[in-house]
Amino acid sequence: MPTITLPDGSRRSYEQPITAAQLAADIGPGLAKAALAARIEGTVRDLSSTIDRDCAVALITPRTRDRGVDADALQLIRHSCAHVMAEAIAKLFPHAKLVYGPPLDTGFYYDISFEGGRAISTEDFPAIEAEMTRIIGENRPFTRCELSLRDGLDKLRAEGSKFKLDNAERAREAGSTTLSWYATGVPGTNWEDLCRGPHVPSTGRIGAFKVMSLASSYWKGDETLDRLTRVYGTAFATAEELAAHLTQLDEAKKRDHRVLGKQLRLFHIDEMVGQGLILWTPNGSIVRQELQNFISDELRKQGYTQVFTPHIGKLDLYRTSGHFPYYRESQYPPVIEHEQMAALAKEGCSCGELANRLEKGEIDGYLLKPMNCPHHIRIFASSPHSYRDMPVRLSEFGTVYRWEQSGEIGGMTRVRGFTQDDAHLFCREDQVAQELLGCLSLVKLIFGTLGMNEYRVRVGLRDSDSAKYVGDPKNWGKAEDACRTAARTLGVPFSEEPGEAAFYGPKIDFVVKDVIGRSWQLGTVQVDYNLPERFDLTYVGADNQAHRPVMIHRAPFGSMERFIGCLIEHFAGAFPVWLAPEQVRVLPISEKSATYARELHSALVAAGLRAGIDEGNERIQGKIKDASEMKIPYLAVVGPRDAEGRKVSVRAFGTEANLGEIGFDAFVEGLTGEARSRGAETLRSRMGT
RNA sequence: GCCACCGUAGCUCAGUGGUAGAGCACACCCUUGGUAAGGGUGAGGUCGAGGGUUCAAUCCCCUUCGGUGGCUCCA
């Protein structure tokens, strides 16, 4: 005799157990029609679930009561659509073995093995979609059936799918006592799939869908196991929402830093130069230089000193630091001197032998530096330090090289050579907390100045099971505590993630998403008790004894490449004045105003602004269009009227109309102020708009 | 590294087993026009590279380099 509490607080009592579908019908026909599933005591269940005891129930419909999209409903639709897609593929590819098909934030996928038969290709999508449309059109019910664990496993063994059997085994390990199947239609007659559910009541309730793309994956994410084909799709409650989603993807593409990088000529990647090696073109170099100037100003204020170090160092340096050979896989191979090379060739030294002898230290060579810290450590070690000099803060825009897997490289966000806005702080143990705060405030200042507020903070800790970390567990404990404490002072939520630490110490990372939803680590602050020990670094304490400093590694941008890649997307290429490669362009209405236009242009350049002038013979509309395509923040339109009044007609990027007129000198001053203040004072505020 | 797809003019992209086309950009000419494209003419390509099949390959096959989406990895 269940009494059911609904989300509005009202209660309904029933004499008999009741299904969620019946409950919906009892509340109203509209709800019965719209309901996809029920949230029973917070758990999403099929509409066919029976309610036999007192509980709280909310019926799930595509729309929430405030007409927003219900996230659970979307998951149900997508998960159900994954089944429909799998059924369609299974029909068209009888040899396909289904593995696993979960919903995602933006859609769903199904991992499928096509081993021993024709592989799927994007050309098959129309046929798959047609079959899916047919299945959905038949509006067959999703029918759940349950078997005991034993019967279920027997059934799977009989079917002979090792993948599904493995899924079931894992369900057992997770404590399930039964296994469930969902048939699209009549069990035993229609297609069915091992699945925990829940699902929408019938295939017709999947509103609009699209098969999106193909990718490969590994069974259980393990590259030593079977390679699977992952088919991605997406589904929404309505065709309008699907269309909006696809439009949004198109829009995102236009903001993609790789697209804008070409359009705005910010950087170039050249296959003749090499994969993952960024060539900074003049426009991009301006953005980078401005950002470097910005951070350099801050570093001076915070008592950093600047150093320069070479791009390579001897292998012994990296043997001591631990970079070589433990991270050999992610480094460019060592560089060997001429004579050594000649001697080795004469001996007929094999590749394997060479690697061995490099590792053992029998042959020396140089490494393209994968990190800047060893060089900075040697600078610190090059002179004695008193506790009074600490902390020593060495900063460098240091370029490092890493051998990233070819399939991972792309755009500016994952590259093989990149410049870190790096610094290493050598401090006394009692200074660690204070220094960490300084580093974090620097990161916050940068993100704040650029208006990048959508980031998450990750405290990367050691995974105690992994052998990749160097150093004493006691030191790790201290360093991890220091990171946690510092992260708490940030005033933003953070997550602790074991296994995300650097090999020498824990870290606090700032992570942002790109336009296609991938996460990238930008700024990072890392505490390190290990490298000072490996290099036997010391300073003289008040007690006249040698003490071990603690190191902090920090890079508030992370790398210039990745940061600017993300920054391009953040601004959609429309940089604020202080960063814009071309800050203002003077557009004379016609040749009649050329002299005045040139005078204005000269004045802007003399004021230190990056100003252009368009003296082409196009009409003003065309000049505005060209300048808008380059996303230039300000346009100075000057014609006879302006020349006469010694004024400038101003147009800002992204505005429909012009901002009005302003005097010649006020315009130059206003722009200079906006650039110099990095956006704190704007020309627009000066013009009163 | 793995799987799928892609690679044609500076850019965005059509196209075909018989050695190529558009728009934009570029150059020149006309036009001197007040807030997102005035008109004309012209130049520009070893169809990513190498090999194979074929009388003939940009197109089909293989290899390779590069890109994209994922997987795996990421100090």
Side-chain angles (χ1 to χ4, degrees), chain A residues 109 111 114 119-125 212-232 253 256 258-259 262-263 265 269-276 318 321-324 326-331 369-374 400 402-411 414 420 460 468-470 499-505 507 516 518 520-521 524 526 528 530-531 553 587-594 616-629 635-642 649-659 661:
Chain A
Y109 68 79
D111 277 345
F114 289 95
I120 190 172
S121 114
T122 46
E123 285 169 19
D124 300 313
F125 286 5
M212 303 291 289
S213 61
L214 292 178
S216 96
S217 63
Y218 300 109
W219 190 25
K220 297 191 226 179
D222 184 337
E223 61 181 322
T224 63
L225 299 179
D226 300 55
R227 244 186 306 285
L228 308 171
T229 302
R230 179 167 293 182
V231 189
Y232 281 89
K253 225 186 215 165
D256 189 312
R258 290 163 299 195
V259 174
K262 243 181 219 162
Q263 190 187 327
R265 293 197 286 277
I269 301 167
D270 193 290
E271 56 176 284
M272 210 172 193
V273 174
Q275 256 194 313
Y318 300 103
S321 70
H323 291 100
F324 190 85
Y326 303 114
Y327 292 94
R328 196 176 44 195
E329 296 301 300
S330 29
Q331 292 161 176
K369 64 180 177 186
M371 290 182 100
N372 298 303
C373 31
V400 298
R402 299 181 187 178
W403 186 261
E404 302 288 353
Q405 294 190 100
S406 62
E408 258 307 337
I409 294 169
R414 191 80 180 260
Q420 299 177 308
K468 73 173 187 177
Y469 304 102
V470 299
E500 289 293 329
F503 79 95
Y504 48 73
K507 53 183 191 165
I516 44 182
R518 294 181 292 204
W520 299 104
Q521 176 204 309
T524 181
Q526 316 180 350
D528 179 8
N530 287 309
L531 289 182
H553 309 238
L587 309 180
I589 295 284
S590 72
E591 272 171 29
K592 287 176 195 150
S593 310
N617 61 3
E618 276 175 293
R619 297 184 357 179
I620 194 67
Q621 288 85 341
K623 294 182 183 182
I624 287 171
K625 180 185 167 282
D626 288 347
S628 301
E629 276 182 352
L635 304 181
V637 177
V638 290
R641 284 205 310 261
D642 304 281
S649 295
V650 184
R651 185 178 170 120
F653 178 78
T655 53
E656 291 285 318
N658 58 331
L659 298 178
E661 296 192 335

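As a basis for the values below, the full set of heavy atoms in this structure was taken, side chains included, without hydrogen atoms, waters or symmetry mates. First the proteins, then the strands, lettered A, B, ... as listed; each starts at 1.
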Query - Trace of the side-chain contact (heavy atoms from CB on, under 4.5 Å) decision for A:Glu329 with A:Trp403 - result: CA-CA 7 Å; A:Glu329 296 301 300; A:Trp403 186 261; over 6 Å; no
Requested in this report: Give the C-alpha distance, both sets of side-chain angles, the deciding distance and a yes or no for side-chain contact (heavy atoms from CB on, under 4.5 Å) between A:Leu225 and A:Tyr218.
Outcome: CA-CA 6 Å; A:Leu225 299 179; A:Tyr218 300 109; 5.7 Å; no
Query - CA sep, side-chain torsions, deciding dist, call: A:Tyr469, A:Phe503, ring pair (Phe, Tyr, Trp, His ring centres under 6.0 Å) - result: CA-CA 4 Å; A:Tyr469 304 102; A:Phe503 79 95; 8.7 Å; no
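The distance between atom CG of A:Leu228 and atom C1' of B:rG70, rounded to the nearest whole Å, is 13 Å. Rounded to an integer number of Å, the gap from A:Ile120 CD1 to B:rA4 P is 12 Å. We find that NZ of A:Lys262 is positioned 11 Å from C1' of B:rG10, with the value rounded to whole Å. Atom CD in A:Glu404 sits roughly 16 Å away from atom C1' in B:rC71 (whole-Å rounding). Here the C1' atom of nucleotide B:rC71 and the CH2 atom of A:Trp219 are 16 Å apart, to the nearest Å. In this entry the distance linking CZ of A:Arg230 with C1' of B:rC2 reads 13 Å, nearest Å. What separates CD of A:Glu329 from C1' of B:rC73 is a distance of 11 Å, to the nearest Å.
Considering only heavy atoms from C-beta on, A:Ser216 stays 4.5 Å or farther from A:Thr229 through its side chain. When side chains are defined from C-beta on, A:Arg651 counts as touching A:Ile624, because their heavy atoms get closer than 4.5 Å. Between A:Asn658 and A:Val637 there is no side-chain heavy-atom pair separated by less than 4.5 Å.
When heavy atoms are screened at a 4.0 angstrom cut-off, A:Ser217 is found touching the sugar-phosphate backbone but no base atom. Among the protein residues, A:Tyr109 comes within range of no part of the nucleic acid, since none of its heavy atoms lies under 4.0 Å from any strand. If you check every strand for non-hydrogen atoms under 4.0 Å, A:Ala627 touches nothing. Across all strands, A:Tyr218 comes closer than 4.0 Å to base atoms (heavy-atom distances). In this structure, A:Gly221 reaches the sugar-phosphate backbone alone: every heavy-atom distance under 4.0 Å involves primed, P, OP1 or OP2 atoms, never a base. Within the nucleic acid shown, A:Leu225 has no heavy atom closer than 4.0 Å to any nucleic acid atom. Across all strands shown, A:Ile269 has no heavy atoms under 4.0 Å from either base or sugar-phosphate atoms.
Rounded to the nearest Å, the gap between the P atom of B:rG69 and that of B:rU64 is 23 Å. Here, B:rU58 and B:rG1 have their P atoms 29 Å apart, quoted to the whole Å. On the P atoms, B:rU68 is 35 Å away from B:rA43, given to the nearest whole Å. The C1' atoms of B:rG21 and B:rC30 are separated by 28 Å, rounded to the nearest whole Å. The same atom, C1', is picked in B:rA14 and in B:rU8; the two are 10 Å apart, to the nearest Å. Only the C1' atoms considered, B:rG39 is 13 Å distant from B:rG33, to the nearest whole Å. Taking the C1' atoms as reference points, B:rG17 lies 15 Å from B:rG52, given to the whole Å. Separating the P atom of B:rU54 from that of B:rG10 is a span of 34 Å, rounded to the nearest Å.
For A:Gln275 and B:rG67, the shortest distance from a side-chain N or O to OP1 or OP2 is below 4.0 Å. Contact annotation: A:Arg402 side-chain N/O to B:rC74 OP1/OP2 distance is not under 4.0 Å. One finds no side-chain N or O of A:Arg258 lying less than 4.0 angstrom from the OP1 or OP2 phosphate oxygen of B:rG66. Side-chain N/O atoms of A:Lys220 include none lying less than 4.0 angstrom from OP1 or OP2 on B:rC71. Distances shown here put a side-chain N or O of A:Arg518 below 4.0 Å from the OP1 or OP2 atom of B:rG69.
Contact annotation: side chain of A:Arg414 to base of B:rC74, donor-acceptor pair present below 3.5 Å.
With a 3.5 Å ceiling on both atom-pair distances, the Watson-Crick or G-U wobble partner of B:rG7 is B:rC65. Across every strand in view, B:rU12 sits in a pair with B:rA22 that passes the Watson-Crick or G-U test at under 3.5 angstrom. Both distances falling under 3.5 Å, in either a Watson-Crick or a G-U wobble arrangement, occur for no nucleotide opposite B:rU35. With both pairing distances under 3.5 Å, B:rA27 is matched to B:rU41 as a Watson-Crick or G-U wobble pair. Judged by Watson-Crick or G-U wobble contacts below 3.5 Å, the nucleotide B:rC2 has B:rG70 as its partner. The nucleotide B:rU53 finds no pairing partner, because no Watson-Crick or G-U wobble arrangement with both distances shorter than 3.5 Å includes it.
Remark: side-chain polar atoms of A:Lys623 are paired, donor with acceptor, to backbone N or O of A:Gly616 under 3.5 angstrom. For A:Arg402 (side chain) and A:Pro370 (main-chain N/O), a donor-acceptor pair under 3.5 Å exists by modelled atom type. Counting only distance, with no hydrogens or angles, the side chain of A:Asp222 and the backbone of A:Thr224 share a donor-acceptor pair below 3.5 Å.
When the nearest nucleotides of RNA chain B are assigned to A:Gln331 and A:Ile409 by heavy-atom distance, the more 5′-ward of the two goes with A:Ile409. Between A:Thr122 and A:Ser406, the residue anchored nearer the 5' end of RNA chain B, judged by the nucleotide with its closest heavy atom, is A:Ser406.
If you check the side chains of A:Gln331 and A:Tyr318, you find no donor sitting under 3.5 Å from an acceptor. Side-chain atoms of A:Glu591 and A:Ser593 include no donor-acceptor pair closer than 3.5 Å.
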Query raised in the report: Reading nucleotides 40-49 of chain B from the 5' end, what letters show protein touch, with B for base, S for backbone sugar-phosphate only, - for no heavy atom under 4.0 Å?
Result: ----------
Requested in this report: At under 4.0 Å between heavy atoms, which parts of nucleotides 33-38 of chain B does protein reach? Answer with one letter per nucleotide, 5' to 3': B base, S sugar-phosphate only, - none.
Outcome: BBBBBS
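Shown here for A:Ser649 and A:Asp642, the closest heavy-atom pair between the two residues is OG-OD1, 2.9 Å. Across all non-hydrogen atoms, the minimal contact from A:Gln521 to A:Lys507 is OE1-NZ, 3.1 Å.
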